[in-house]
Student: 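Okay, here's the structure, questions in a sec.
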There are 2 protein chains.
Amino acid sequence: MPFSLHQGDALSVLASLPDDSVDAVITDPPYNSGGRTAKERTSRTARQKYVSGDAAHALSDFPGENMDQRSFTFWLTQILTEAHRVTRPSGTLLLFTDWRQAGSMSDALQAGGWTWRGTLAWHKPQARPQKGRFTQNCEFIHWASKGAVDAERNPVYLPGMYSASQPRKDRKHITQKPVEVMRELVKICPPGGTILDFCAGSGTTGVAALLEGYDFIGVEKTKHYTQIATERLTETLRQVSRQQDYTLAGPAE
Amino acid sequence: MPFSLHQGDALSVLASLPDDSVDAVITDPPYNSGGRTAKERTSRTARQKYVSGDAAHALSDFPGENMDQRSFTFWLTQILTEAHRVTRPSGTLLLFTDWRQAGSMSDALQAGGWTWRGTLAWHKPQARPQKGRFTQNCEFIHWASKGAVDAERNPVYLPGMYSASQPRKDRKHITQKPVEVMRELVKICPPGGTILDFCAGSGTTGVAALLEGYDFIGVEKTKHYTQIATERLTETLRQVSRQQDYTLAGPAE
DNA sequence: CTTCTGTCTGAATCGGAAT
DNA sequence: AATTCCGATTCAGACAGAA
């Protein structure tokens, strides 16, 4: 089975997965930011925070954005502890974060037992400039390993900086990631391995995983996005197997 | 006087500066990282940690790299508190950091009274790739303000990501920054303002400040680098005034 | 002037020997 | 037994000199 999708709470679903069953955890938890004070954070929904007033699209809201920083770190630590158990030794964690939460996220991942290895930058060239300020056009990706890195098992050389714009057409989720970036990131996983995303959203991580030949396990809280992710993953699987058919049936070189 | 340079301890020198006398603080403190454990951090010099084994250059060592993380945060908080006092309302702080210290640095700047505004990325395309890993090729720059940002006083639009290699020829300091990056960063300071760097090193911040028409106050602990910075700044001032002479004396358009 | 070729370096990382 | 120290490893990009 190349992919499975669970609708439900991340912690409960992770608890049901066996030890050492996953090669990489790649996820983008709700950043819980957008306000510098607890009041500012908790009084607006994700949509109000992340979608410009003049944006015409109508993307659904998502939960998990109304915790204060302490609760957020506590919640994430619990999940990352479970994710660590579920991951094979020398497996990898990639965790998207914005600048406000970068510190809390690195605390949480280390508290969860992971060895922090570095922070990558994702540069969005289309971000909106602001007068008298620096443009806020980078998000960050913490990466970590379960124990030592096994470079022999997966001898890849990967970049530390990615530049790509958020998808505009056919965007299903407010914070949807570009597939081309995700396709590079998943390569940290050894060939044929299994990738887990416990905040799957519209399923971009899974799409990239399938395209690169990995198995995928997704967990998503809302019914709405579980459905969207199912459709995208099914369609991707169809594409991939069609290509394989062609390769198998194609003319010998 | 377009620039002044003090040799001495950052905290002592800052204490001697008057309130509200500086428009921007731009600095690159020792990162105090480069080891997996506290022991490893504190037992090696900066040169041993950061200079590749096969590097043939002979750049001088620099101090401040042997604190544990707690002392480092304490030390930086004290200095940034003084720097906050010395800075005019709506003034700016730019603080270079690597991924390991980014969290401690944002804690310290906020504890020092500054309002954290974002984190910029400096991408170094020349960094060394590593098998089975992501290349460590970004450093980060926290930016913060003393109270509200005054966009009317300095209506600039600045990028959030910079890509440039470390200087190779004529490099004076192990961690010397490219002048072209610093020339962009200093523009966050209103025209004609004064820029302070309390870890001046070889003086690149000052060089960029003078080239962009700002005044500069530098503090550097070692005699060795104070001398080098003095020479670079004097030379830069000569260049700048020569250009001004030419502009004044040049043919009318 | 380009284009090509060769050399060198990097705020690195790790294992294992030496103390 | 725990720490400290030394050296091997790695390759894209920058630069210099030749073609």
Side-chain angles (χ1 to χ4, degrees), chain A residues 89-90 92 115-121 143-163 184 187-188, chain B residues 27-69 72 76 95-102 104-105 121-142 162-182 199-202 204-205 222 225:
Chain A
S90 89
T92 305
T115 305
W116 190 19
R117 297 287 174 180
T119 299
L120 321 175
W143 83 280
S145 64
K146 179 167 179 172
V149 173
D150 186 352
E152 298 311 317
R153 196 169 163 215
N154 189 28
V156 288
Y157 294 87
L158 293 166
M161 211 272 300
Y162 299 81
S163 196
E184 286 301 306
K187 291 177 184 162
I188 194 64
Chain B
T27 199
D28 178 31
Y31 294 167
N32 194 54
S33 45
R36 279 164 302 181
T37 62
K39 282 271 159 48
E40 216 171 302
R41 262 202 306 278
T42 52
S43 64
R44 294 189 298 163
T45 66
R47 239 188 85 76
Q48 287 172 321
K49 283 189 283 190
Y50 301 133
V51 178
S52 294
D54 51 359
H57 60 71
L59 296 173
S60 179
D61 214 335
F62 62 92
E65 280 271 343
N66 294 329
M67 290 179 265
D68 69 19
Q69 189 146 29
F72 174 80
L76 191 61
L95 199 60
F96 279 80
T97 174
D98 78 342
W99 58 276
R100 271 178 261 250
Q101 295 300 325
S104 298
M105 294 249 195
W122 167 34
H123 170 240
K124 296 176 283 187
Q126 203 183 341
R128 174 184 221 141
Q130 298 226 330
K131 203 200 288 186
R133 295 160 189 260
F134 295 96
T135 309
Q136 173 47 58
N137 58 4
C138 285
E139 280 183 45
F140 304 103
I141 306 158
H142 288 321
Y162 299 81
S163 195
S165 294
Q166 265 207 318
R168 278 171 62 112
K169 285 196 309 179
D170 301 326
R171 190 154 62 114
K172 310 290 188 194
H173 194 281
I174 300 177
T175 70
Q176 191 168 328
K177 304 289 172 282
V179 176
E180 62 266 33
V181 170
M182 299 310 299
C199 294
S202 57
T204 308
T205 306
T222 72
Y225 284 120

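Reckoned from all heavy atoms, side chains included, excluding hydrogens, waters and symmetry mates. A note on names: the letters A, B, ... follow the listed sequences, proteins ahead of strands, and every chain is numbered from 1.
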Student: Please enumerate all residues that pass side-chain hydrogen bond (donor to acceptor under 3.5 Å, both in side chains) together with A:T119, with sequence neighbours excluded.
Tutor: A:H142

Student: Which residues in residues 146-159 of chain A have a heavy atom closer than 4.0 Å to any atom of DNA chain C?
Tutor: none

Student: Checking A:T115 now: which residues fulfil side-chain contact (heavy atoms from CB on, under 4.5 Å) with it, not counting sequence neighbours?
Tutor: A:R117, A:S145

Student: With sequence neighbours excluded, tell me which residues meet side-chain hydrogen bond (donor to acceptor under 3.5 Å, both in side chains) with B:T205.
Tutor: B:D197

Student: Report the residues that fulfil salt bridge (Lys or Arg N to Asp or Glu O under 4.0 Å) with B:R171, sequence neighbours left out, ordered by chain and then residue number.
Tutor: none

Student: So, using ring pair (Phe, Tyr, Trp, His ring centres under 6.0 Å) as the criterion, who are the partners of B:Y225 when residues are at least two apart?
Tutor: B:H173

Student: Using the test ring pair (Phe, Tyr, Trp, His ring centres under 6.0 Å), find all partners of B:W122 that sit at least two apart in sequence or belong to another chain.
Tutor: none

Student: How would you list, by chain and number, every residue that makes a ring pair (Phe, Tyr, Trp, His ring centres under 6.0 Å) with B:Y31, sequence neighbours excluded?
Tutor: none

Student: Between the protein and nucleotides 13-17 of chain D, list the N/O to N/O atom pairs that are separated by less than 3.5 angstrom.
Tutor:
from, atom 1, to, atom 2, distance (Å)
D:dA14, OP1, B:S165, OG, 3.4
D:dA16, OP1, B:K169, NZ, 3.3

Student: For DNA chain C, which consecutive runs of 3 or more Watson-Crick or G-U pairs (each distance under 3.5 Å) count as stems?
Tutor: C:2-10 with D:11-19, C:12-19 with D:2-9

Student: With sequence neighbours left out, what residues match B:S163 under side-chain contact (heavy atoms from CB on, under 4.5 Å)?
Tutor: B:H123, B:P125

Student: For B:R128 and C:dC14, give me the distance from atom CZ to atom P, rounded to whole Å.
Tutor: 13 Å

Student: Taking only residues two or more places apart in sequence, or in another chain, which ones meet B:K172 in a salt bridge (Lys or Arg N to Asp or Glu O under 4.0 Å)?
Tutor: none

